[in-house]
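So the structure is just underneath, and the comments pick up after that.
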Amino acid sequence: MSSHVKVRFAPSPTGYLHIGGARTALFNWLFARHNKGVFLLRIEDTDQQRSTEEATQAILDSMKWLGLDWDEGPYFQSQRLPAYKQYAEKLVAEGKAFYDTDAEGRKAIRFKMLDGMTEINDLIHGIITFDTSLIEDFVILKADGFPTYNFACVVDDAEMGITHIIRGDDHISNTPKQIALYKAFGFKTPEFAHIPMILGEDGSRLSKRHGATSVTEYRDKGYLPHALVNFLALLGWSPGNDVEILSIPEMIEKFTLKRANKTSAQFNNTKLDWMNGQYIKNTPVERLAPETKRFFEKAGIDMAKIAEGWLFDLVELYHDRFKTFQDFLNQTRFFFTDTIEYDQAAVTKFLKREGVGELLREVYAAVSPIDNFDKKNIEDSLRNLTEKLGVGFSKLAQPMRVAITGKSVSAGIFETMELLGKEKTTKRLDYAMKNLCATSETIQF
RNA sequence: GCCCCCAUCGUCUAGCGGCCCAGGAUGCCAGGUUCUCAGCCUGGAGACAGGGGUUCAAAUCCCCUUGGGGGUACCA
C-alpha cells in the first residue's frame, strides 16, 4: 500500500450520524491510521432543503465521542460553490456537458454520458462492469447553483487528493458516473472499496422504526464508545482469528480491506449489550465511577451528597452485573430514593406468605442493634438468626430482598444492606412487615 | 421493468479445492458455583439457500433458479 494514503468520510448533514455512517467513518479511520495516512472530514451539504446546522453538529459530536479524530476539515461543500461552477462550465466549454431546461423551466448543467463499458476494480468486490449506455445524462449543477452529489464528490475527492474511497455499497451504481467525470476532467481515478451496508435487526434497511439507530442514542443509553467501536468494527470485518474483544490499537494494527467482507450485516443489540458488558467489566472502578456519576446526574439523581467512597463501593458491587449505565441506574435506583417501588409479583410471591411478617420482625430485631452496620456484621447476625430459627438462609433472603429493594433480584443482600445503610434498611423492613406482609385475611394457601 | 451487489448456525463471523460429516462469538437449552439474578465454569442443540456443472476431490471455481439489498432524482 502506498505510503500517502488519504481517505475521507463525507456525510450529508440531513440527520444524526447513524450507525451505518459511523461504521463507514470507522473503516476509513482505521484504514488511514493503519496506513499512517490522512483522514479528512467533509460535510456534503449540497441539499439546501434537508441540510441543517444541528445535524452537522450532531455528526461532529458523534465522531468525537467515538474517538474518530480527523486530520483535515471539516470542509463544507456549500462553501465551495464557485469551484463547482467553474468545473462545470469547463465541461460545457469542452462540449462534455450542456445547459438543459426542464419542464418547470429550471436551467441546469447536465453531463453528457458517453456510451461504452466501464470497469471498476473494487478493492473488495473485484471487477464490476457497467454498460454506460444505460445511464442517462445527469445533472451536475442544479438550478440553485449547487452541485449534485456525484459531481461535488468527484471534484472534491480529486482536489483533495483522496486516494481511496471507502463507502457503503449503496454507492456502487454511482461509481460509473463518477468515473466518467474523472475521465472527462483527466483526473486520476482513486481506488474504490465498497463496504456492505448495515441492516436493521429484521434484515431490512436501517430506519427509525428499528429503535436506536444513531450513535447519540447509544451514548445516551450509557454505552461505552469503545464497545460500540469494537462492535461496529466486527460488522463486515474480522481480524482473522477468534478474538472478538480488541483494543483500538489492535484494531488499527490488524485492519486491512482484504479482511473486510461483502455481505451486509444485521445489527444485533443483544450482542452489543454483551460486548458493552465485557468492556464495563474490563474497565477499572476508578474510571467507571466518574462516568457513573455523570450519567446518574444527567438522569436526575442528586449525586452531590453521595460520597466518593460509597460510589466506588456501589460500582464495585455491580461491576459484573450491568451492561450499560442505563441498566446500572435501573438496577440501583432503590438506593437513591426514600420511597421505593415494589414489584407486585415479587411482593405476592415472597411477602404475602404465612409467617413472613414474623420472619422480617426477627430480621429487624437481629439487625437493628448492629452498631457497625457492615457486611460482615450483618451476615454474622443473620446467620445466627437462621441457626436460631433452624431455617436455611434462602428462607430469609428473598423476603428481605423484596422488602429492602422492592424486587426479587438484586446484588448480594449483605452488601446491599451495608450500602443502603442501617436507617433505610430498617425503615424498609419495618414498612414491609407492617404494610406488605400477609395478614390473616391476605395469606395465600 | 432495466442495471448492479450479496448469499456459511437465529445473529456476527472463520473458511479463500483436500486440514471441514464446517471452527469461534452471541443468543438459546442443561448442569455446576450460590441468598435471588447477573457473572463465571462445563456440556448441548444449531448453518454451507436449491439445482446443474468443472475436478480424483467443492462451503470454497462456473452457470441457472430463488431469496435479500442497492440504484435508476435539479437526494446524498
Side-chain angles (χ1 to χ4, degrees), chain A residues 10-15 44-51 77 100-102 104 106-110 120 122 124-125 128-136 138-153 167-177 194 196-197 199 201 203-205 231 234-245 258-259 261-275 277-278 281 318-323 327 331 346 350 379 382-383 386 392-402 405 407-414 416:
Chain A
S12 68
T14 54
E44 310 215 321
D45 53 351
T46 54
D47 184 335
Q48 292 196 79
Q49 267 69 49
R50 299 195 303 145
S51 297
Q77 291 188 325
D100 181 49
T101 307
D102 70 3
E104 282 114 272
R106 294 177 300 173
K107 195 175 182 191
I109 295 181
R110 215 171 260 282
I120 76 176
D122 191 276
I124 87 177
H125 288 273
I128 305 172
T129 312
F130 291 91
D131 179 354
T132 57
S133 68
L134 265 20
I135 301 171
E136 58 183 30
F138 58 96
V139 169
I140 55 177
L141 202 69
K142 300 184 261 186
D144 63 5
F146 277 63
T148 56
Y149 163 71
N150 283 124
F151 186 65
C153 181
R167 74 218 319 187
D169 65 18
D170 49 331
H171 285 293
I172 288 180
S173 37
N174 284 323
T175 311
K177 291 180 187 172
H194 288 96
M197 302 185 70
L199 275 20
E201 297 210 273
S204 69
R205 187 171 197 162
F231 179 77
L234 261 27
L235 245 35
W237 174 78
S238 81
N241 48 27
D242 288 336
V243 177
E244 300 253 322
I245 305 286
K258 281 166 224 59
R259 295 215 55 85
N261 59 218
K262 30 189 170 184
T263 326
S264 55
Q266 289 182 217
F267 196 82
N268 184 231
N269 277 292
T270 308
K271 187 159 183 180
L272 203 214
D273 282 350
W274 165 78
M275 188 165 279
Q278 292 297 307
K281 277 202 304 183
Y318 281 82
H319 204 171
D320 290 351
R321 314 178 69 92
F322 69 97
K323 294 188 190 296
D327 178 28
Q331 288 190 54
F350 296 107
E379 174 159 10
L382 288 175
R383 296 283 185 199
T386 56
F393 184 71
S394 52
K395 206 76 174 157
L396 286 189
Q398 283 308 83
M400 284 172 60
R401 195 186 311 281
V402 176
T405 71
K407 301 174 295 184
S408 59
V409 171
S410 80
I413 195 66
F414 311 123
T416 299

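Every chain is numbered from 1 and lettered A, B, ... according to where its sequence line falls, protein lines coming before strand lines. Values below: every heavy atom of this structure, side chains too, minus hydrogens, waters and symmetry copies.
Within 4.0 Å (heavy atoms only), Lys281(A) reaches sugar-phosphate atoms of the nucleic acid but no base atom. In this structure, Arg259(A) reaches the sugar-phosphate backbone alone: every heavy-atom distance under 4.0 Å involves primed, P, OP1 or OP2 atoms, never a base. Counting non-hydrogen atoms under 4.0 angstrom, Thr129(A) reaches the backbone sugars and phosphates but no base.
Rounded to the nearest Å, the gap between the P atom of U54(B) and that of C16(B) is 24 Å. Taking atom C1' on both C48(B) and G31(B), the two are 31 Å apart, rounded to the nearest angstrom. On the C1' atoms, A25(B) is 15 Å away from A47(B), given to the nearest whole Å. Taking atom C1' in both A14(B) and G50(B), one finds a spacing of 24 Å when rounded to whole Å.
A distance-only check finds no donor-acceptor pair linking the side chain of Arg259(A) to the backbone of Trp237(A) [under 3.5 Å].
Atom OH in Tyr318(A) sits about 18 Å away from atom P in C40(B), given to the nearest Å. If you measure from atom CG of Leu235(A) to atom C1' of U13(B), you get 10 Å, rounded to the nearest angstrom. What separates NZ of Lys323(A) from C1' of G39(B) is a distance of 9 Å, to the nearest Å. Atom C1' of nucleotide C37(B) and atom CZ of Phe322(A) are separated by 16 Å, given to the nearest angstrom. As rounded to whole Å, 13 Å separates atom C1' of G24(B) from atom CD1 of Ile245(A). If you measure from atom CZ of Arg321(A) to atom P of C37(B), you get 10 Å, rounded to the nearest angstrom. Between Ile124(A) atom CD1 and C6(B) atom C1' there is a gap of 11 Å when expressed in whole angstrom units. The CG atom of Asp242(A) sits 17 Å away from the P atom of C12(B) (whole-angstrom rounding).
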Within the sub-3.5 Å range, which N or O atoms of nucleotides 8-11 of chain B have a protein N or O partner, and how far apart are they?
none

Distances for protein N/O vs nucleotides 16-19 of chain B N/O pairs under 3.5 angstrom?
none

Listed pairs, N/O of protein and of nucleotides 58-62 of chain B, under 3.5 Å:
none

So which protein nitrogen or oxygen atoms get under 3.5 Å of nucleotides 32-35 of chain B's nitrogens or oxygens?
from   : atom 1 : to        : atom 2 : distance (Å)
C35(B) : O2'    : Arg401(A) : NH2    : 3.4
C35(B) : O2     : Arg401(A) : NH2    : 2.4
C35(B) : N3     : Ile413(A) : N      : 3.2

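Considering only residues two or more places apart in sequence or on other chains, His125(A) meets the ring-ring contact (aromatic ring centres under 6.0 Å, His included) condition with none of them. With sequence neighbours excluded, the residues forming a side-chain hydrogen bond (donor to acceptor under 3.5 Å, both in side chains) with Ser410(A) are Arg401(A), listed by chain and number. With sequence neighbours excluded, no residue forms a ring-ring contact (aromatic ring centres under 6.0 Å, His included) with Phe130(A). Partners of Tyr318(A) according to the ring-ring contact (aromatic ring centres under 6.0 Å, His included) rule, which considers only residues two or more places apart in sequence or in another chain, are Phe328(A). A search for side-chain hydrogen bond (donor to acceptor under 3.5 Å, both in side chains) contacts involving Lys407(A) returns nothing, not counting sequence neighbours. Among residues two or more places apart in sequence or in another chain, the salt bridge (charged side-chain N to carboxylate O under 4.0 Å, His left out) test is passed with Asp102(A) by Arg106(A). Arg321(A) is linked by a salt bridge (charged side-chain N to carboxylate O under 4.0 Å, His left out) to nothing, counting only residues two or more places apart in sequence or in another chain.
If you look at Phe146(A) and Phe151(A), their ring centroids are not closer than 6.0 Å.
Taking a pair to require two hydrogen-bonding distances under 3.5 Å in either a Watson-Crick or a G-U wobble arrangement, C21(B) remains unpaired. Under the Watson-Crick or G-U wobble criterion, with both distances below 3.5 Å, C2(B) is paired with G71(B). A14(B): no Watson-Crick or G-U partner with both key distances under 3.5 Å is found in any strand. The partner of C48(B), taking Watson-Crick or G-U wobble pairs whose two distances both stay under 3.5 Å, does not exist in any strand shown. With a cut-off of 3.5 Å on both pairing distances, U60(B) has no Watson-Crick or G-U wobble partner at all. Using Watson-Crick or G-U wobble geometry with both donor-acceptor distances under 3.5 Å, C40(B) finds its partner in G32(B). Summarising the base pairing, G27(B) is matched to no nucleotide, lacking a Watson-Crick or G-U wobble pair whose two defining distances lie under 3.5 Å.
Checking Lys262(A) against Ser410(A), the closest nucleotide of RNA chain B that is more toward the 5' end is the one next to Lys262(A).
Asp131(A) and Ser133(A) are linked by a side-chain donor-acceptor pair at a separation below 3.5 angstrom, with hydrogens and angles left out of the test.
Between the NZ atom of Lys271(A) and the CD atom of Gln278(A) there is a distance of 11.0 Å, given to the nearest 0.5 Å.
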### Task
Summarise how protein sits on nucleotides 66-76 of chain B as a single string, 5' to 3': B when a protein heavy atom is under 4.0 Å from the base, S for sugar-phosphate-only contact, - for no contact.
----SS-SBBB
